[in-house]
Amino acid sequence: MLDIQFIRDNPELVAEKSKQKGYEVDVTQLLGFDTERRELLQQADDLRRQRNELNDASQGQKPSEEQVEQGRQLRDQLGDLEHRLEAIEKEFDVLLKAVPNMPLEDVPVGASEDENVVAKTVGEQPHFDFQPKNHAEIAEAKGWLDKERAAKIAGSRFAYLKGDLVRLQLAIMNWVVQTLGDEQVIQKLIDESGLQLSAKAFNPVLPPAMLRTEPYVASARLNAEEVTYKLEQDDLWLNASAEHTLCTMYWNEILPESELPIRYLGYSTSFRREAGTYGKDTEGFLRMHQFDKLEMEVFSTGETGLDEHKLLIAIQEYLVQQLDLPYQLLQKCTADIGKPNARGVDINCWLPGQNTYRETHTADYMTDYQARDLKIRVKRENGTELVHTNDATAFALGRAMIAIIENYQTADGHVRIPTVLQPFMNGQTEI
RNA sequence: GGAAGGGUGUCCGAGUGGUCGAUGGAAACGGUCUUGAAAACCGUCGUGCCGGCAACGGUACCGUGGGUUCGAAUCCCACCCCUUCCGCCA
């Protein structure tokens, strides 16, 4: 959630920026509840003070009948007040949580994802002397993809991925874990981007794939209707990204400053209901209920949060460039960055089989918005502060493979292996 | 699934109705001593909220939620989680 003090100090700004993100927020009403809440809180604190004074006065002895009677009155008054306070706080909380994070200055204002701004286009789209196929055709011909049997077993938007495709996925994973574990690579990207950051490597993590309601809600990432699967019997949700179990990892913790930045590279199978997408992207495995993903997550101080965000983007670009995939970097507009995010970019890779750029990566900077609810703080010299959180896709493996298959396809239906991946494929140059 | 034990501050750990936000230890920080360090000694040392320019004052927080009481870390109820043993199992 957003800092209530900030909302008090900047009511018009909050209303305006919320609107830019597509959220109707009644700031006036919120602040009305805030005032009322504070008044009641004062009164309640005062009654509690009186109660405490009364208790102290008894000095461990049995209180007099008069004191007991006084206590009864205080108790009843306080009970009344607490009742009213509870009602107000409930309304207040709902409104406060409805306020989205404020977009940073350089986030373009836009009403839908159509107004995302192409910041740059990198790489040459490959030329083919033949009609390029889409990944589904190639994968099915190769026996890498079986959606019919998956549908029989699990329904639509599931697949059996097989054979060399699996080897390719494992190769990408190994390569990314190695690359992000290399401080020299991190340092190089920091230097090239002109950032002031530690070169600390990314620690690989296999997180749980499920999480409970309470931390999930606190992460501001639970999107139950459209996205997330619920296991009713167990108060557990299947994570829609490793990010969800990574950002919640330090829930309710105070971290020593010396540990920051904390950089994780999480691997998890991700589950999405994809409600409301019927008939969309039905071919191949672009949009699945289940896919594997490597996700970067960073906890940092406020000062370095934005630079960490930029580092994550630099890493994304580096990884995509290493695979020699043509891509566009999109600066997401206010309507598309998402409620808890202050800034976000997408990387869309070129897919020749579809003759278009499709989203393969996203990088989100939450400032302290997410940490406020998750209560993740850092102990510093002058007190504790909320950490800043960042997340970013390293590779959504399904979509990465789609990009490779389509860009690296040959006339006779094979797929060449990008040079950097060959060492992780036993030197194979083609599958 | 069955049984038992437990959840207290950054960590460990005491506390079973009132002067307890909480003994003690560790870590951390500042200082004394020392050529320097260690040790020893002295001091500081939780978080949120409300008010205040601030110093500070008030209040809440002992797994969570309810209850009993003038008063709850402490008693009662429900739930959650952790540990150990048994069972089952990759």
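Letters A, B, ... are given to chains in the order of the sequence lines, protein chains preceding strands, and every chain is numbered from 1.
Residues from residues 72-81 of chain A placing a heavy atom under 4.0 Å of any atom in RNA chain B, listed by number, are Arg72(A), Arg75(A).
For the pair Arg287(A) and Glu274(A), the salt-bridge criterion is met [side-chain N within less than 4.0 Å of a carboxylate O]. Taking the charged nitrogens against the carboxylate oxygens, Arg380(A) and Glu303(A) do have a contact shorter than 4.0 Å, which makes a salt bridge.
Asn252(A) has its CG atom 12 Å from the P atom of G9(B), to the nearest Å. Look at OH on Tyr250(A): it is 16 Å from P on U10(B), rounded to the nearest Å.
With RNA chain B read from its 5' end, the first of the two nearest nucleotides for Val68(A) and Gln5(A) is the one closest to Gln5(A). Each of Glu69(A) and Arg212(A) was assigned the nucleotide of RNA chain B with the nearest heavy atom; the assignment lying further toward the 5' end belongs to Glu69(A).
The side chain to side chain contact (heavy atoms under 4.5 Å, CB included) check on Pro204(A) picks up Val177(A), with sequence neighbours excluded. Scanning for side-chain hydrogen bond (donor to acceptor under 3.5 Å, both in side chains) contacts around Gln316(A) gives an empty result, with sequence neighbours left out.
Among Asn101(A), Leu312(A), Asp391(A), Asn390(A), the one residue that satisfies the side-chain contact (heavy atoms from CB on, under 4.5 Å) test with Tyr365(A) is Asn390(A).
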Give the table of side-chain donor-acceptor pairs shorter than 3.5 Å for residues 81-99 of chain A, with sequence neighbours excluded, one pair per line with atom names and distance.
| from | atom 1 | to | atom 2 | distance (Å) |
| --- | --- | --- | --- | --- |
| Glu82(A) | OE2 | Arg48(A) | NH2 | 2.8 |
| Glu89(A) | OE2 | Arg37(A) | NE | 3.4 |

Without placing hydrogens or testing angles, list every side-chain donor-acceptor pair under 3.5 Å for residues 205-216 of chain A, not counting sequence neighbours.
| from | atom 1 | to | atom 2 | distance (Å) |
| --- | --- | --- | --- | --- |
| Thr213(A) | OG1 | Asp235(A) | OD1 | 2.3 |
| Thr213(A) | OG1 | Trp237(A) | NE1 | 2.9 |
| Tyr216(A) | OH | His244(A) | ND1 | 2.7 |

Side-chain atoms of residues 414-431 of chain A: list all donor-acceptor pairs with protein atoms under 3.5 Å, sequence neighbours left out, distances to 0.1 Å.
| from | atom 1 | to | atom 2 | distance (Å) |
| --- | --- | --- | --- | --- |
| His414(A) | ND1 | Lys142(A) | NZ | 2.7 |
| Gln422(A) | NE2 | Ile417(A) | O | 2.9 |

Exercise answer: donor-acceptor pairs, residues 23-31 of chain A side-chain atoms, under 3.5 Å, sequence neighbours excluded:
| from | atom 1 | to | atom 2 | distance (Å) |
| --- | --- | --- | --- | --- |
| Asp26(A) | OD1 | Thr28(A) | N | 3.4 |
| Asp26(A) | OD1 | Gln29(A) | N | 3.0 |

Got a list of side-chain donor-acceptor pairs under 3.5 Å for residues 11-19 of chain A, not counting sequence neighbours?
| from | atom 1 | to | atom 2 | distance (Å) |
| --- | --- | --- | --- | --- |
| Glu16(A) | OE2 | Gln20(A) | NE2 | 3.3 |
| Ser18(A) | OG | Val14(A) | O | 2.6 |

### Summary
Contact string for nucleotides 57-62 of chain B, one letter per nucleotide 5' to 3', B = base within protein heavy-atom range under 4.0 Å, S = sugar-phosphate only, - = neither, reads -BSS--
#### Entry: Chi angles and distances behind the side chain to side chain donor-acceptor pair (under 3.5 Å) call for Lys293(A), Ser241(A)
CA-CA 7 Å; Lys293(A) 192 151 66 78; Ser241(A) 164; 2.7 Å; yes
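Looking at heavy-atom distances under 4.0 Å, Arg380(A) makes no contact with the nucleic acid at all. Using a 4.0 Å heavy-atom criterion, one finds that Arg37(A) contacts the sugar-phosphate atoms exclusively.
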Which atoms of nucleotides 44-47 of chain B (N or O only) lie under 3.5 Å from a protein N or O atom, and what are those distances?
| from | atom 1 | to | atom 2 | distance (Å) |
| --- | --- | --- | --- | --- |
| U47(B) | O3' | Arg377(A) | NH1 | 3.0 |
| U47(B) | O2' | Arg377(A) | NH1 | 2.7 |

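The distance between the ring centers of Phe299(A) and His388(A) does not fall below 6.0 angstrom.
Remark: RNA chain B forms stems of 3 or more consecutive Watson-Crick or G-U wobble pairs, all pair distances under 3.5 Å, at B:1-7 with B:80-86, B:10-12 with B:24-26, B:28-32 with B:40-44, B:46-51 with B:56-61, B:63-67 with B:75-79.
If you take atom P in U10(B) and the same atom in A22(B), they sit 15 Å apart, rounded to whole Å.
Each side-chain hydrogen bond (donor to acceptor under 3.5 Å, both in side chains) pair with one or both residues in residues 168-178 of chain A, not counting sequence neighbours, appears once here: Gln169(A)-Asp292(A), Trp175(A)-Thr179(A).
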